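Below: the structure, in structure tokens.
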Amino acid sequence: MESLHRILGFLLLATRLPLDSTKRFHDVLGNERYPGYMREHNQLHGWSSDENDWDEKLYPVWKRGDPRWKSSWKGGHVQAVLTSNSPALVGSNITFAVNLVFPRCQKEDANGNIVYEKNCRNDSRLSPDLYVYNWTAAWSEDSDWGPGPDGHHVFPDGKPFPRPHGWRKWNFVYVFHTLGQYFQKLGRCSVRMSMNTANLTLGPQVMEVTVYRRHGWAYIPIAQVRDVYVLTDQIPIFVTMFQKNDRNVSDETFLRDLPIIFDVLIHDPSHFLNESSIFYKWNFGDNTGLFVSNNHTLNHTYVLNGTFNLNLTVQASVPGPCPSPSTLPKPSPSSVPAGDSPLELSEIPDENCQINRYGYFEATLTIVEGILEINIIQIADVPSPELQPDNSLMDFTVTCEGIIPREVCTIISDPACQLAQDMVCNSVDVDECLVTVRRAFKGSGMYCVNFTLGDNTSLALTSTLVSVASKDPASPFRMTNAALISGGCLAVIVTVIAVLVHRKHKEYKPIKNSTEKVLKSKGLHVVLNDTRAAFFLGNQETNPLLKDYAGIL
């Protein structure tokens, strides 16, 4: 009896040896484990378990550091760039995109072949060849499964390739791996893949992608990439805040007695919340009470100076089938206001449910005094001095409401207020909000003149059109005419300034999204300072339009 048990044991061991030596997907794709990694996950629709066998003969496996990676692609290395539209609200779809970056002077043509770019020098020489990989010729040699072994147009798990129109132009195999499951896709140098996140584990997760290229009757690994994506039960929201005359919108300091425009942006790239009822609950922290609205924009005016805590709760009622309690995701730990649960279910007719999801935003705002409004109340023609008989001088009297300004800037441009000609800024020391600015104009014609009064926290703008008459005594028109310009032209002027600064410096800084901070942008004072530097590279006094005179700005 004992000998029989030994024989059975040897037979069982023998039957397991082939299985143990067979590569599986998690052996190839999941060698690295990350904090919080779990083997058990809910099934992703259209995905397969990474316990399945991997065909290593058709798809060779190379570990990191294997010298064969150096020769896996002609002319250099291929880089795979993986991006996603994370964070994703659980239940929505999240989309991943993989783009292959080829070595210099290489690109994919319309037929899916990899070719050398014309007139492009790689390592200081032009390539004499047209193709890096001529897969069109390879397909003709391998027509209709070719002379090679049957079944080589399959994925690593043996499933055959899909064959939509034009599939022979797809010469890359992408294997996505996450949460103990994999997804295979045939494509060109750029592919996209979406998956539904219903009932998945919340928090940060890792997506890994391995890319293979066609190589005769087999496939060669050319790139591996991984990226972190986030699943959340809270609605990802961003809030932008804008206020007229605010000098720096990124410092969360705003002006008293002027409305602030709050705009809520919901991150919902898959349009999961399109059919939802969304409500915005505002508490501005100034004892004005709770404001509830179904509009994503709202104006609010603070009438007192000080520091105020802004709180926003966004609630979305998502219609859908009622899930069983065992499949509901566990809420992620977070600081949730009392009375709000990250997940609430309420029954509605036809055996459907509404799942209430919430998003939160808070900020600390500082409210100060600033320049609220400025007006040009008088324009006077001034006799020109004998040293500058060709110049026309004008005095502009500008008044304002609010705090006393410390700086005045003038921009003179064409009549359409689009092409800025000259700009000058001066500091001012006055006891009241009244400033007289003298400016010189060379030659007759129509000019657009913009005035900006500012202090540390505010900037106020106004503009006027000035008609400068000819200095010829015989001319019947010697009167100066002016008309205030609409707010639309003011926006054009500010845009022109920004464009000029961009052309001067050509500096790009991406805006980083955050679920906890306001979207940032440069303050107008930076634009004005940069514009000033762009216009005045030498001595300002050589420009007749910018002459200043004693006692008058």
Side-chain angles (χ1 to χ4, degrees), residues 84-95 196-198 200 202-204 229-243 249-250 252 254 259-302 308-320 323 328-346 348 352-365 511-520:
S84 73
N85 53 17
S86 169
L89 182 63
V90 65
S92 69
N93 289 338
I94 183 171
T95 299
N196 188 266
T197 62
L200 294 186
L202 302 179
Y229 62 99
V230 177
L231 302 180
T232 178
D233 60 351
Q234 295 188 13
I235 304 171
I237 61 175
F238 310 93
V239 178
T240 61
M241 295 179 278
F242 170 79
Q243 184 186 47
V249 298
S250 63
E252 298 184 352
F254 296 93
I260 305 173
I261 302 174
F262 298 90
D263 190 7
V264 184
L265 308 176
I266 294 179
H267 180 72
D268 184 30
S270 68
H271 310 294
F272 177 63
L273 300 177
N274 270 13
E275 304 300 324
S276 303
S277 299
I278 301 178
F279 295 94
Y280 305 85
K281 303 175 184 179
W282 297 88
N283 187 334
F284 294 99
D286 57 353
N287 296 322
T288 54
L290 181 67
F291 295 85
V292 181
S293 171
N294 58 2
N295 196 325
H296 62 90
T297 62
L298 187 69
N299 296 354
H300 184 74
T301 302
Y302 287 90
F308 303 92
N309 295 321
L310 166 68
N311 285 279
L312 167 66
T313 300
V314 178
Q315 175 183 331
S317 298
V318 185
L328 291 178
K330 295 181 179 180
S332 60
S334 59
S335 55
V336 179
D340 287 339
S341 170
L343 177 64
E344 294 179 358
L345 295 179
S346 59
I348 59 177
N352 284 337
C353 283
Q354 283 187 336
I355 304 175
N356 291 334
R357 299 289 185 185
Y358 297 90
Y360 305 97
F361 174 84
E362 59 182 24
T364 300
L365 307 184
I511 296 176
K512 297 182 178 179
N513 288 343
S514 170
T515 57
E516 298 179 355
K517 295 185 179 180
V518 180
L519 296 179
K520 307 296 182 181

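All of these numbers come straight from a predicted model, not from anything done at the bench.
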- Message: I'd like to know if the side chain of Thr232 reaches the main chain of Gln234, judged simply by a donor and an acceptor atom lying under 3.5 Å from each other, with no hydrogens or angles considered.
- Response: yes
- Query: Within a radius of less than 6.0 Å around CG of Asn274, do more than 12 heavy atoms belonging to other residues, nucleotides or ligands occur?
  - Reply: yes
- Message: Here's a test for you: under side-chain contact (heavy atoms from CB on, under 4.5 Å), which of Ile260, Leu298, Leu290 qualifies with Phe284?
- Response: Leu298
- Item | Test side chain to side chain donor-acceptor pair (under 3.5 Å) applied to Ser277 - qualifying residues, sequence neighbours left out | none
- Message: Can you classify the ring geometry of Tyr302 versus His300 as parallel (below 30°), tilted (30 to 60°) or perpendicular (above 60°)?
- Response: perpendicular
- Query: Is the side chain of His267 donor-acceptor paired with the backbone N or O of Asn85 at a distance under 3.5 Å, no angle test?
  - Reply: yes
- Side-chain heavy atoms of Ser276 within contact of Ser317, under 4.5 Å: no
- Query: So, for Ile278 and Ala316, which heavy atoms are closest and what is the spacing to 0.1 Å?
  - Reply: CG1-CB, 4.0 Å
- Query: Can you name the residues that form a side-chain contact (heavy atoms from CB on, under 4.5 Å) with Asn294, not counting sequence neighbours?
  - Reply: Phe279
- Might you point out which heavy atoms bring Leu89 and Ile235 nearest each other, and give the distance in Å? CD1-N, 4.0 Å
- Pro259 and Thr301: which non-hydrogen atoms are nearest, and at how many Å? CA-OG1, 3.2 Å
- Note on the structure: Tested for ring pair (Phe, Tyr, Trp, His ring centres under 6.0 Å) against Trp282, the lone hit among Phe262, Phe308, Phe291 is Phe262
- About how many Å separate CG of Leu265 and OG1 of Thr240, when rounded to the nearest 0.5 Å? 5.0 Å
- Query: Can you list the residues that meet the side-chain contact (heavy atoms from CB on, under 4.5 Å) rule with Thr297, with sequence neighbours excluded?
  - Reply: Asp263, Asn295
- Message: Before you tell me yes or no, could you show the steps for Gln315 and Lys281 under side chain to side chain contact (heavy atoms under 4.5 Å, CB included), namely the whole-Å CA-CA distance, both residues' side-chain angles and the distance that decides it to 0.1 Å?
- Response: CA-CA 8 Å; Gln315 175 183 331; Lys281 303 175 184 179; 3.3 Å; yes
- Of all heavy-atom pairs linking Ser86 and Val230, the shortest is OG-N, 2.8 Å
- How long is the span from the OH atom in Tyr280 to the CZ atom in Phe361, to the nearest 0.5 Å? 14.0 Å
- Note on the structure: Sorted by chain and number, sequence neighbours left out, side chain to side chain donor-acceptor pair (under 3.5 Å) with Ser92 holds for none
- Query: Which atom pair, heavy atoms only, marks the closest approach of Gly91 to Phe272?
  - Reply: O-CE1, 3.3 Å
- Heavy-atom side-chain contact between Leu310 and Asn283 under 4.5 Å: no
- Message: Suppose we screen for side-chain contact (heavy atoms from CB on, under 4.5 Å). Which residues come up paired with Asn196, at least two apart in sequence or across chains?
- Response: Asn93, Ala198
- Message: Are the side chains of His296 and Val314 in contact, using a 4.5 Å heavy-atom criterion?
- Response: no
- Starting at CG of Leu231, measure out to CG of Leu200 and round the result to the nearest 0.5 Å. 6.0 Å
- Task: Applying side-chain contact (heavy atoms from CB on, under 4.5 Å), name anything that partners Asn309, two or more places apart in sequence or on another chain.
- Result: Asn311, Thr364
- Query: Of all heavy-atom pairs between Val239 and Leu312, which one has the smallest distance, and what is that distance?
  - Reply: CG2-CD2, 3.9 Å
